[in-house]
Chemist: 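There's a structure below that I have some questions on.
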Amino acid sequence: GGRVVAEPGAASLLGTAAIEIARADAAPHSFADVAVAIAKGSVGVAENGAVAVTADDAPHRALLFLAERVILLLDAASIAGDLHSAVRALPATAWRSQLTFISGPSKTADIEQTLVHGAHGPRALAVFLHHI
């Protein structure tokens, strides 16, 4: 249960799925109760499983950090072998604002020696490949 919210660019890839599309004027705190966030990724990194998400892909950066789970949609042709190749493959617009590499949920055992997943962001990340 819970809200499923997609960035506008990702929503265009989902067709007629019954999802909420993030409004352009949405305040960051409005995403605090989102169960699943869906966004496009720009470039994937094969060596570590990270995905670069640009401001064009996810204009609501807070959505990716406040949601319980994140789904990234990535064009299979946009996978680079290593981080250096991925940075070179990013569009020029990637550097005009925020650029985030997401590789999965954070983990910490600092809280009473108990391993906690998603302490600093989503608890789970899934990457779905597609072909344009």
Side-chain angles (χ1 to χ4, degrees):
R3 291 171 61 200
V4 177
V5 180
E7 289 288 6
S12 67
L13 295 172
L14 298 173
T16 60
I19 55 168
E20 179 182 342
I21 299 173
R23 293 187 355 228
D25 63 347
H29 68 273
S30 69
F31 301 121
D33 64 342
V34 172
V36 179
I38 305 170
K40 283 177 38 179
S42 187
V43 178
V45 185
E47 75 178 351
N48 63 10
V51 176
V53 180
T54 67
D56 292 334
D57 300 325
H60 305 91
R61 188 174 183 205
L63 176 60
L64 300 177
F65 294 96
L66 294 176
E68 285 290 314
R69 292 170 175 75
V70 173
I71 295 173
L72 296 177
L73 308 175
L74 182 66
D75 183 353
S78 298
I79 298 175
D82 56 48
L83 185 59
H84 296 286
S85 299
V87 167
R88 286 191 298 274
L90 286 167
T93 58
W95 306 104
R96 72 162 196 240
S97 186
Q98 82 255 7
L99 171 65
T100 306
F101 279 90
I102 301 176
S103 61
S106 65
K107 292 182 259 184
T108 183
D110 293 342
I111 305 167
E112 299 181 15
Q113 302 295 313
T114 303
L115 183 62
V116 176
H117 292 272
H120 304 99
R123 291 186 201 208
L125 169 71
V127 178
F128 290 91
L129 301 177
H130 66 88
H131 295 282
I132 294 182

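All values derive from a computational prediction rather than experimental measurement.
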Chemist: Using side-chain heavy atoms (C-beta onward) and a distance below 4.5 Å, is Leu13 in contact with Ile38?
Modeler: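 Leu13 vs Ile38: side chains apart.
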Chemist: Is there a path of hydrophobic side-chain contacts, each under 4.5 Å between heavy atoms of I/L/V/M/F/W/Y residues, joining Ile71 to Val4?
Modeler: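 In one cluster with Val4: Ile71, yes.
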Chemist: Can you list every side chain to side chain donor-acceptor pair (under 3.5 Å) pair that touches residues 79-88, not counting sequence neighbours?
Modeler: Asp82-Ser85, Ser85-Arg88
Chemist: Considering only heavy atoms from C-beta outward, does the side chain of Phe101 approach that of Leu83 to under 4.5 Å?
Modeler: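 Yes, close enough: below the 4.5 Å cut-off.
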Chemist: Check for me, please, whether Val53 and Val127 land in the same ILVMFWY cluster - side-chain distances under 4.5 Å, paths through other members count.
Modeler: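 Yes, one cluster joins them.
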Chemist: For Val34, run the side chain to side chain contact (heavy atoms under 4.5 Å, CB included) check against Val70, Leu64, Val5 and tell me which one passes.
Modeler: Val5
Chemist: Provide the closest heavy-atom pair for Gln98 versus Ala58 in the form atom of the first, atom of the second, distance.
Modeler: NE2-O, 3.3 Å
Chemist: Do you know the tightest heavy-atom contact between Ala37 and Ala67?
Modeler: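 Smallest interatomic distance, heavy atoms only, reads CB-CB, 3.6 Å.
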Chemist: For the residue pair Arg69 and Leu125, establish whether any side-chain heavy-atom pair is separated by less than 4.5 Å.
Modeler: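 No, too far: nothing below the 4.5 Å cut-off.
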Chemist: I need the minimum non-hydrogen distance between Lys40 and Asp57, along with the two atoms involved.
Modeler: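 Taking Lys40 first and Asp57 second, the nearest heavy atoms are O-CB, 3.1 Å.
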Chemist: Quick one about Asp56 and Thr93 (side-chain donor to acceptor, distance below 3.5 Å, no hydrogens or angles considered), yes or no?
Modeler: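 Side chains of Thr93 and Asp56: pair found under 3.5 Å.
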Chemist: How long is the gap from CZ on Phe128 to CG on Leu72, to the nearest 0.5 Å?
Modeler: 10.0 Å
Chemist: Can you name the closest pair of heavy atoms from Val51 and Ser42 and give their distance?
Modeler: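 Heavy-atom minimum between the residues: CG1-N, 4.5 Å.
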Chemist: Nearest heavy-atom pair of Ala55 and Ser97: which atoms, and what distance?
Modeler: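 Of all heavy-atom pairs spanning Ala55 and Ser97, the closest is CB-CB, 3.8 Å.
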Chemist: Let me confirm one number: the CD1-CD distance from Ile79 to Glu47, rounded to the nearest 0.5 Å.
Modeler: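 If we round to the nearest 0.5 Å, Ile79:CD1 and Glu47:CD are 13.0 Å apart.
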Chemist: Going through the checks in order, is the side chain to side chain contact (heavy atoms under 4.5 Å, CB included) test met by Leu14 and Leu73?
Modeler: CA-CA 10 Å; Leu14 298 173; Leu73 308 175; 3.9 Å; yes
Chemist: Is it true that Val45 and Val87 fall in one hydrophobic cluster, defined by side-chain heavy atoms closer than 4.5 Å?
Modeler: yes
Chemist: Apart from Ile21 itself, what residues make up its hydrophobic cluster when side-chain heavy atoms of I, L, V, M, F, W and Y under 4.5 Å apart count as a link, directly or indirectly?
Modeler: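 Members other than Ile21 - counting any ILVMFWY side chain reachable under 4.5 Å - there are none.
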Chemist: Is it true that a side-chain atom of Glu68 and a backbone atom of Arg123 form a donor plus acceptor pair closer than 3.5 Å?
Modeler: no
Chemist: How many angstroms lie between OG1 in Thr100 and CZ in Arg61, if you round to the nearest 0.5 Å?
Modeler: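 Answer rounded to 0.5 Å: 3.5 Å.
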Chemist: Looking only at heavy atoms, what is the nearest atom pair of Ile19 and Ala6, with distance?
Modeler: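 Shortest heavy-atom separation between Ile19 and Ala6 comes out as CD1-CB, 3.4 Å.
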Chemist: Could you give all pairs that pass the side chain to side chain donor-acceptor pair (under 3.5 Å) test and reach residues 23-37, with sequence neighbours left out?
Modeler: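 For residues 23-37, and leaving out neighbouring residues, the side chain to side chain donor-acceptor pair (under 3.5 Å) pairs sorted by first residue read Arg3-Asp33, Arg23-Asp25.
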